[in-house]
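The structure under discussion appears below in the form of structure tokens.
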Amino acid sequence: MGKLFRILSIDGGGIRGIYPAHILCCIEERLNINLYESFDMLAGTSTGSIIAAGVATGVAATDIVEMYREHGASIFKKKAFFWPGKKWKNTLQPMFDSVYDTQYLKSVLADIFLNKRLGEIEKPLLLPATDIGNGCVHVLKSGYSEEFTRDNDVLVKDAVLSSCSAPTYFEPHKLDHYLLADGGLWANNPALAAMIDAQRRLGVNQADIRILTIGTGHSKTMYGTDTSRKWGLVNGWKHKEFISFILSLQSQSAMNYLNLQLRPDQIKRVDFESDLPLPMDDFSKIEDLTTRADHDFTHDSEAIKHFINGEYNENCQQASCV
């Protein structure tokens with residue numbers, strides 16, 4: 001084997017991004033591990049793009065955690081929507097307009113990333129988005145390959161906002177000639193895309209790849225087998241639960257493919273399953289998510305440390321939070 005090539009991948013999930021952000025904060029502060037120096041490629045989708053881009057630009061994990069705490073409630077403050085009667089207001093708003101205004105999120109991202117451009121980032125960075133104008137995938141990347149010419153002048157804050165623009169939550173983001181929406185539509189877990197790009201663009205041997213992939217939690221969404229119910233978006237599929245269901249399925253499928261391709265010592269997944277719904281926009285859950293992240297890190301810290309250091313420990317892997 002050659003030199004290990006380490007990838008850090010962060011899932012999408014809205015306000016649930018506080019979970020991977022806190023995990024990374026613990027890695028930095030409790031394990032005394034420098035995230036920027038420890039990983040050779042960074043990938044993040046939607047809320048994960050904020051975290052991955054933060055690490056790639058030298059933002060401390062503790063500052064990313066504080067960003068969620070300080071600004072999360074304002075980012076997910078609903079737009080004014082006028083409809084006679086309160087009963088149907090929350091149900092009907094996402095059918096006619098995006099629920100949240102992007103302006104506050106734009107200002108937060110501007111404060112974090114200033115006028116940094118993707119081409120100025122030395123570390124390979126991969127941020128999935130969706131090109132809804134042309135009906136195809138769109139991946140924003142730092143200039144880690146001479147073949148890349150499209151994104152070098154793209155501002156990091158615009159790239160992140162594009163990846164974060166979840167349908168019905170935020171409006172799509174116009175970036176140059178493209179109209180972009182959330183990358184979670186096809187790559188909520190960007191680890192698979194990152195692995196393939198490392199091999200294709202950087203010539204990394206698959207046997208040398210190590211991936212630390214951190215989720216944002218998922219809840220068991222089951223619709224049962226009752227065929228007599230009405231299958232509308234609201235009453236049958238349950239709008240927000242349906243979106244979370246799609247994102248969870250994508251993350252699961254990416255992990256299934258990665259586990260088929262890689263040895264157990266090559267991939268480490270940190271995530272959790274909840275018996276209750278996990279909304280992407282409920283700021284009131286931030287303490288619960290932080291507590292869960294702290295609990296999972298505490299019980300999995302040895303496995304995480306060994307994995308980042310390239311020391312495979314079967315017992316630690318078996319004890320990990322998967």
Side-chain angles (χ1 to χ4, degrees), residues 8 10-31 33-36 42 44-80 98-116 121 125 127 155-166 168-171 173 182-184 214-217 240 244 247 270-272 274 277-298:
L8 174 63
I10 311 294
D11 284 20
I15 198 64
R16 285 155 33 197
I18 189 72
Y19 177 87
H22 186 79
I23 294 286
L24 295 179
C25 186
C26 291
I27 291 173
E28 281 192 337
E29 296 185 349
R30 300 185 197 175
L31 299 182
I33 290 175
N34 186 302
L35 294 171
Y36 182 86
L42 304 158
T45 299
S46 195
T47 196
S49 72
I50 301 174
I51 301 170
V55 175
T57 54
V59 179
T62 185
D63 292 334
I64 299 174
V65 169
E66 285 307 306
M67 182 275 296
Y68 282 99
R69 289 186 168 279
E70 182 179 351
H71 300 291
S74 296
I75 289 171
F76 290 106
K77 182 179 180 180
K78 288 187 176 181
K79 286 182 184 177
S98 55
V99 178
Y100 305 106
D101 196 326
T102 58
Q103 291 305 313
Y104 192 89
L105 177 57
K106 282 183 182 179
S107 68
V108 172
L109 297 178
D111 288 342
I112 296 173
F113 300 112
L114 304 176
N115 290 317
K116 190 87 171 182
I121 296 177
L125 173 66
L127 307 174
L155 295 171
V156 176
K157 60 186 178 184
D158 283 322
V160 170
L161 183 60
S162 299
S163 186
C164 287
S165 298
T168 74
Y169 288 85
F170 298 103
E171 61 189 39
H173 184 56
D182 198 311
I214 309 180
T216 59
K240 288 186 178 181
S244 293
L247 300 183
V270 182
D271 198 11
F272 71 96
S274 172
L278 288 172
M280 296 190 295
D281 56 351
D282 188 353
F283 182 76
S284 70
K285 302 298 183 184
I286 203 159
E287 289 301 333
D288 292 342
L289 291 163
T290 303
T291 298
R292 181 62 197 240
D294 205 84
H295 171 273
D296 290 353
F297 174 81
T298 299

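Source: prediction; values computed, not measured. Note that these values count all heavy atoms, side chains included, but never hydrogens, waters or copies made by symmetry.
Listed for the R292 side chain is no donor-acceptor partner under 3.5 Å among the backbone atoms of F272. A side-chain donor-acceptor contact under 3.5 Å links S165 to the backbone of L161.
Closest of all the heavy-atom pairs between G44 and A52 is N-CB, 3.7 Å. Considering every non-hydrogen atom in both C164 and L105, the closest pair reads CB-CD2, 4.3 Å. When all heavy atoms are compared, the tightest approach of P20 to I51 is CG-CD1, 3.8 Å. Of all the heavy atoms in D294 and C26, the pair that sits closest is OD1-SG, 4.0 Å. Heavy atoms only, all atoms of each residue included: G72 and I15 are closest at CA-CD1, 3.8 Å. Heavy atoms only, all atoms of each residue included: E28 and A61 are closest at OE1-N, 3.0 Å.
Atom CE of residue M280 and atom NZ of residue K285 lie 15.5 Å apart, to the nearest 0.5 angstrom. The OH atom of Y68 sits 9.0 Å away from atom CD1 of I286, with the distance rounded to the nearest 0.5 Å. Between the CG atom of L31 and the CG atom of L24 there is a distance of 11.0 Å, given to the nearest 0.5 Å. Taken from CD1 in I18 to CD1 in I23, the straight-line distance is 11.0 Å, to the nearest 0.5 Å. Distance check: R16 CZ to T47 OG1 gives 9.5 Å after rounding to the nearest 0.5 Å. To the nearest 0.5 Å, atom CE of residue M67 and atom CD1 of residue I75 are 6.0 Å apart.
Remark: of the listed residues L278, I214, T290, I214 is the sole one forming a side-chain contact (heavy atoms from CB on, under 4.5 Å) with Y19. Each of D11, T216, D182 was scored for a side-chain hydrogen bond (donor to acceptor under 3.5 Å, both in side chains) with S46, with one residue passing: D182.
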Inset, instruction - Give the C-alpha distance, both sets of side-chain angles, the deciding distance and a yes or no for ring pair (Phe, Tyr, Trp, His ring centres under 6.0 Å) between H71 and Y104. - result: CA-CA 9 Å; H71 300 291; Y104 192 89; 5.7 Å; yes
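Contact check for N115 versus K157: side-chain heavy atoms found under the 4.5 Å cut-off.
In the model, Y100 has a side-chain atom that pairs as donor or acceptor with a side-chain atom of D281 under 3.5 Å.
Relative ring orientation between F170 and F76 is described as tilted, the plane-to-plane angle lying within the 30° to 60° band.
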